[in-house]
2 protein chains.
Amino acid sequence: MDSHPDSSTPDASASKDAAKVTIADVARQAGVSKGLVSFALNDRPGVSAETRARILSVAGLLGWTPSLRARSLSSQRSFALGLVIARDPEVLGSDPFFTSFIAGVETILAPEGLALVLSVVPDEKTELATYRTLVADGRVDGVFLSDLRRDDARIPCLTELGLPTVTLGRPDQPSPFPAVSIDDTQGIAESVRHLSSLGHRRIAHVAGSAAMLHGRRRRDAFTQAMQAAGLGQGQVVETDFSIAAGADATRRLLRQAEPPTAIVFANDPMAIAGIGVAQELGVRVPDDLSITGFDDIEFARYVYPALTTVGATPMVWGRAAASTLLGLIRTGSAEDVELPAARLIVRGSASAPPPY
Amino acid sequence: MDSHPDSSTPDASASKDAAKVTIADVARQAGVSKGLVSFALNDRPGVSAETRARILSVAGLLGWTPSLRARSLSSQRSFALGLVIARDPEVLGSDPFFTSFIAGVETILAPEGLALVLSVVPDEKTELATYRTLVADGRVDGVFLSDLRRDDARIPCLTELGLPTVTLGRPDQPSPFPAVSIDDTQGIAESVRHLSSLGHRRIAHVAGSAAMLHGRRRRDAFTQAMQAAGLGQGQVVETDFSIAAGADATRRLLRQAEPPTAIVFANDPMAIAGIGVAQELGVRVPDDLSITGFDDIEFARYVYPALTTVGATPMVWGRAAASTLLGLIRTGSAEDVELPAARLIVRGSASAPPPY
DNA sequence: CTGAAAGCGCTTACAG
DNA sequence: CTGAAAGCGCTTACAG
């Protein structure tokens with residue numbers, strides 16, 4: 001690695017203090033009015049092809065970058081999209097969903113010159129206040145709504161605010177917003193069928209919060225798949241999706257007189273904690289206890305035994321949600337999008353149940 | 001799943017279109033000029049106490065929120081701070097540092113009415129381009145620079161751009177920016193001493209990338225601590241900090257004729273992968289192999305055995321970095337900040353070495 | 001201590 | 001197809 005000491009050392013006084021070139025400079029140089037330059041920039045009709053070409057060429061020559069601030073003020077747009085995440089930050093850390101989701105969003109926004117404004121807030125009350133502030137400040141042209149809850153207060157709030165929104169998943173209430181969804185019930189059903197086909201009959205589910213739609217939905221999918229397999233309802237323990245709660249739930253399940261031989265967890269962090277608790281209790285995975293997760297976070301491949309889980313695709317989700325939100329903002333409406341269902345990924349954490 | 005055929009039909013006309021109250025309305029109602037309202041809003045001298053009180057009261061009555069867009073245009077500020085993360089998004093997910101860091105930043109920004117603009121980009125080239133765009137667009141008033149690298153190209157780039165910056169840690173090159181640092185060498189040294197006092201003599205280090213300052217620094221701390229303990233240099237395997245690389249490195253170390261009895265990992269994700277690999281190879285942790293990590297991510301407490309690690313405090317770091325950046329922007333300069341060193345947290349993954 | 005006016009750099013009807 | 005002008009809603013010298 002040789003260094004280039006002379007690299008990137010422009011004549012200091014450059015860029016920042018350089019007299020900012022404005023639309024007026026371009027107009028003068030091109031011999032047209034400012035309005036026409038604006039029209040050319042925004043690809044609006046009413047500018048002859050050759051005039052537009054000349055304007056754009058002059059703009060390039062002068063190194064003109066239209067002022068985002070001026071555009072924002074006069075066009076009442078902010079050229080930014082928002083994401084508000086309401087979670088205990090300590091817990092958030094273990095969930096890699098958002099960073100991948102954001103990376104996906106970014107692949108759509110960056111080429112459009114749009115930015116992402118991110119807020120991490122501790123609770124729902126602060127979250128609602130944050131949306132109001134974002135709108136009052138005109139910070140964003142639209143937002144992504146994730147972690148949908150039952151009878152979600154954010155839907156009426158955002159509707160009232162008139163803020164273009166895309167929901168991640170379909171709300172359980174009337175919603176004016178397009179939804180970008182990915183079916184997670186199929187993966188849960190596959191998990192149950194997989195375990196059932198391995199010979200398990202006492203299968204339990206460590207569910208996420210029933211107050212969250214995906215928690216409830218995965219739980220229902222579990223119960224239905226159990227019944228379809230003729231295994232009754234299946235024992236269910238509800239949690240808040242946190243690692244700590246997943247560990248507790250596992251402990252409770254395994255301490256029963258007749259513990260399950262398999263546990264379907266509603267997410268990977270809890271499943272991984274479940275493996276830890278089993279080991280701590282001297283229960284062998286998968287020999288004594290089979291475990292499945294949901295998400296396919298990176299850790300899933302590297303714990304031992306590697307986690308059989310359902311593969312979510314947050315980056316894909318991010319791209320789809322961003323495209324949909326952009327469409328909504330630009331055209332005023334957008335269709336719901338259904339992404340390919342998350343599917344089961346078989347690894348080592350689930351096998352046949354013990355013979356006794 | 002019942003569908004709502006009537007969805008995506010906003011009733012548009014809501015609050016969004018409510019006639020926006022402006023500074024002119026406040027001025028008229030309060031019987032003063034617009035300029036004075038602005039002065040009162042910005043707490044500038046030249047407004048008598050009672051006039052200011054009257055203005056603010058009228059503003060409250062009318063529900064006036066100063067327009068961020070107008071303020072941005074006339075004051076040449078954006079009221080936002082930026083964070084650009086350059087990483088493979090798939091790998092990023094397993095690192096909870098940023099979400100906690102951002103949550104910390106948020107606690108400082110939100111009360112000030114400032115927003116955070118976040119970019120996740122795939123590589124350094126895109127990262128530099130992103131900074132240029134942020135500046136050209138006047139998107140942010142300053143940025144946080146994290147994951148410092150050797151001879152980091154971003155330092156000269158940001159210097160040239162004249163963008164107020166706070167670095168997370170001290171660069172290895174001349175830098176005009178304040179640094180907010182947390183000593184991580186002490187925790188590594190403590191780890192080595194801890195293992196040494198347990199009786200370990202063959203201690204290895206799975207290091208992060210030497211191209212990254214914290215990777216290099218932790219490695220040096222390891223080597224020094226080993227020598228101080230009279231244990232030679234200690235075997236070191238370099239990685240890129242990723243889970244996959246951590247797993248590989250562990251595998252290589254354990255397959256040697258005389259494998260280490262303890263491994264100090266440069267971060268928790270690799271350490272957790274290390275536990276997985278050991279188990280896969282039939283090496284018992286901690287009986288046959290002791291393991292320590294760095295970060296104290298949430299998983300660390302829930303894997304088995306629970307990970308002995310060094311506790312970082314990303315939220316605290318986020319708060320300190322945000323405060324420092326705000327100070328820099330407002331006053332033009334800021335002191336370096338040294339946060340309390342990260343300390344060793346003893347759990348179950350390290351014990352005495354096997355007797356043989 | 002206060003007011004009138006120009007300016008930030010665009011967009012957008014409105015005339016031609 | 002093109003131009004001149006008002007307007008977006010603030011901030012900030014500059015006069016008083």
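Order of the sequence lines sets the chain letters (A, B, ...), proteins ahead of strands, with each chain counted from 1.
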Testing dC10(D), dT12(D), dG3(C) for proximity to the side chain of Ile23(B), the answer is dC10(D)
Exercise for review: Would you classify Val32(B) as touching base, sugar-phosphate or nothing, given that sugar-phosphate means primed atoms plus P, OP1 and OP2, and contacts are heavy atoms under 4.0 Å?
Suggested key: sugar-phosphate
Regarding the side chain of Ser74(B), the nearest nucleotide among dT12(C), dC10(D), dT12(D) is dC10(D)
Please confirm whether the backbone N or O of Lys125(B) pairs with a side-chain atom of Asp123(B), one donor and one acceptor, at under 3.5 Å? yes
For Gly318(B) and Val105(B), the nearest pair of non-hydrogen atoms, with its separation, is O-CG2, 3.5 Å
note: Trp64(A), atom CH2; dG9(C), atom P; distance rounded to Å ~ 12 Å
Of dA4(D), dT11(D), dC10(C), the nucleotide closest to the side chain of Ser33(A) is dA4(D)
message = Need one value for Thr51(B): base, sugar-phosphate or nothing, where a base atom within 4.0 Å counts as base even if backbone is also close, heavy atoms only.
response = sugar-phosphate
* Remember a base hit wins even if backbone is also touched, and classify Leu73(B) as base, sugar-phosphate or nothing at under 4.0 Å, heavy atoms. => base
Discussion item. Applying a 4.0 Å non-hydrogen cut-off, can you work out what Arg52(A) is touching in the nucleic acid: base, sugar-phosphate, or nothing?
Written reply: nothing
Just call it for Ser48(B): base, sugar-phosphate, or nothing, with non-hydrogen atoms closer than 4.0 Å on any strand. sugar-phosphate
| field | Sugar-phosphate, base or nothing in reach of Arg44(A), heavy atoms under 4.0 Å | value | sugar-phosphate
Checklist entry - What does Ser38(A) touch in the nucleic acid at a heavy-atom separation under 4.0 angstrom: a base, only the sugar-phosphate, or nothing? => result base
Sorted by position of nearest nucleotide on DNA chain C, 5' first, the leading residue of Phe39(A) and Gly31(B) is Gly31(B)
Worksheet item: Would you say dT11(D) has OP1 or OP2 under 4.0 Å from some side-chain N or O of Arg71(B)?
Response: yes
